[in-house]
**Student:** 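Quick one: the structure is below, questions incoming.
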Amino acid sequence: MLRHLSKIITATTTFLLLCNSVALAKTEKSQSPDRFPPSPLEINTVDPLLPLKPEKQPLSAQERQQLEAALDKLNQQAAAKLQAGNTQGAFDTWNRELRLRRYLGALQEVQALGRVGAIAYQKNERPQVQYITQRLQAIQQQAQSQKPPELELLQALGQAYQQVRSPQRAVEVYNQILGIVRQQQNAAKEVETLLTIGNLHLDWFDYPKAAATYEQLLKLAAVRGDTTSQLTYLQQLAYIYEQGKQPQQAIKIRNQLVQIYQNQNTFTQIPALKQAIGSDYESLARENPNLLREAFNNYQEAYTTAWQLQQYVRAGEALQKLIALYRSQGQIEEALQASQILIQSQQLASNFYGLMNAYDLIGQIYLERKNYPQALTAFHKGLEVAQQLKHEENYFSEQIKKVYGQMPQ
């Protein structure tokens, strides 16, 4: 009897637990919002702006013209709502426009998607950007299934992906365009597409891929014998390798630039390039000290060439690099000799702030060597310039006091 009663109680308890679980699940389901609502671009509703059953037969020329005019008005209405602060209402109107744009063809739809997507990104409307990106991907799949794909549509897709800040998808599209224009042997379009790809990589700080793209452009320019484009691409590559912390590659590119300028008898750019090459070698010398000699040589060439060209400010910059390198290697006499040339370059450049700092530099070097009379002379000269500039006077006065305090009595 007791065993039978126990079975009844157990069965009843199990049934009640099951009922509670089902009720709880229903409650949770009713309380939990739909985390993935349908895209407003995929809502299938009858719109009064459309003729009857537009999906079964293409729009006539008149119907297309009427629809275009109506959609342009919707765009204007949405922009007005946004300006008035009604963001939700604006995007509701734009979504209606975008749903209807597809009846005017993929190209028009993609252009409209990019336009609205750019606004959504700017306003930080992330769901809207996602809806538009998803629709662009669907159109892209359809476009790629066509043989051959429509080039104008692909270009519009690439532009739209840029507008919604989707660089990887944009590059994917532009790479497909690149393949098509190469098959067509359209050299101008090939260069244009590579430039777009390269700039996309640069915009998103992908320096290795940007470098690879500009290296392709450089080869094409070399084959054409286009020196002007070669210079442009080499300058861009020098910047890319510098930003990407690749000094070895930067040296190669900058040396090519130097060679071109020398061949053209255009020497004005060479001092800056030589100084940059020196900095690249100095960076590499941290791993390979044998490369320090190359750093010295390039800094010296930078300042001597700048001096010959009367670029005294540039000469001073290169001399400062050279002096710092001499000091780091314990070559103090060489550093002092270069400092005297630095004084001359700053005087010739009428760079009084640079002159003041040069005297300070010389004073510090002499102070480190405990050559107090020479240090005093340098700091006094620095003070004279500081007084003329009404700048850093207290600093030089303090340095002079410091020297007197260290001098043996």
**Student:** I'd like to know if Glu317 and Arg314 make a salt bridge, using a cut-off of under 4.0 Å between side-chain N and carboxylate O.
**Tutor:** yes
**Student:** Going from CG on Leu154 to CG on Asn175, what distance comes out if it is rounded to the nearest 0.5 angstrom?
**Tutor:** 11.5 Å
**Student:** Would you say that Tyr312 contacts Trp307 through its side chain, given a criterion of any heavy-atom pair below 4.5 Å between the two side chains?
**Tutor:** yes
**Student:** Quick one: pull up OG1 in Thr268 and OH in Tyr261 and give me the separation to the nearest 0.5 Å.
**Tutor:** 7.5 Å
**Student:** With Asp280 as reference, evaluate Gln248, Gln246, Gln249, Arg254 under the side-chain hydrogen bond (donor to acceptor under 3.5 Å, both in side chains) test and give the passing residue.
**Tutor:** Arg254
**Student:** Report yes if the side chains of Phe396 and Met356 come closer than 4.5 Å at any heavy-atom pair, otherwise no.
**Tutor:** yes
**Student:** Is there a side chain to side chain donor-acceptor pair (under 3.5 Å) between Gln159 and Gln111 once you walk through the steps?
**Tutor:** CA-CA 8 Å; Gln159 177 64 29; Gln111 291 169 341; over 6 Å; no
**Student:** Salt-bridged, Arg99 to Asp47, with N to O below 4.0 Å?
**Tutor:** no
**Student:** Hey, mind stepping through Gln140 and Glu172 against side chain to side chain donor-acceptor pair (under 3.5 Å) and telling me if it holds?
**Tutor:** CA-CA 10 Å; Gln140 181 186 354; Glu172 179 186 333; 3.1 Å; yes
**Student:** Is there side-chain contact between Glu42 and Arg135, with heavy atoms separated by less than 4.5 Å?
**Tutor:**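 Yes, close enough: below the 4.5 Å cut-off.
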**Student:** What distance do Glu282 atom CD and Leu322 atom CG have between them, rounded to the nearest 0.5 Å?
**Tutor:**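 These two atoms lie 10.0 Å from each other.
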**Student:** Check step by step if side chain to side chain donor-acceptor pair (under 3.5 Å) holds for Tyr326 and Gln337.
**Tutor:** CA-CA 10 Å; Tyr326 277 136; Gln337 290 172 16; over 6 Å; no
**Student:** Is the shortest heavy-atom distance from the side chain of Leu217 to the side chain of Ser229 under 4.5 Å?
**Tutor:** no
**Student:** Measuring only between side-chain heavy atoms, which start at C-beta, is Val403 closer than 4.5 Å to Tyr366?
**Tutor:** no
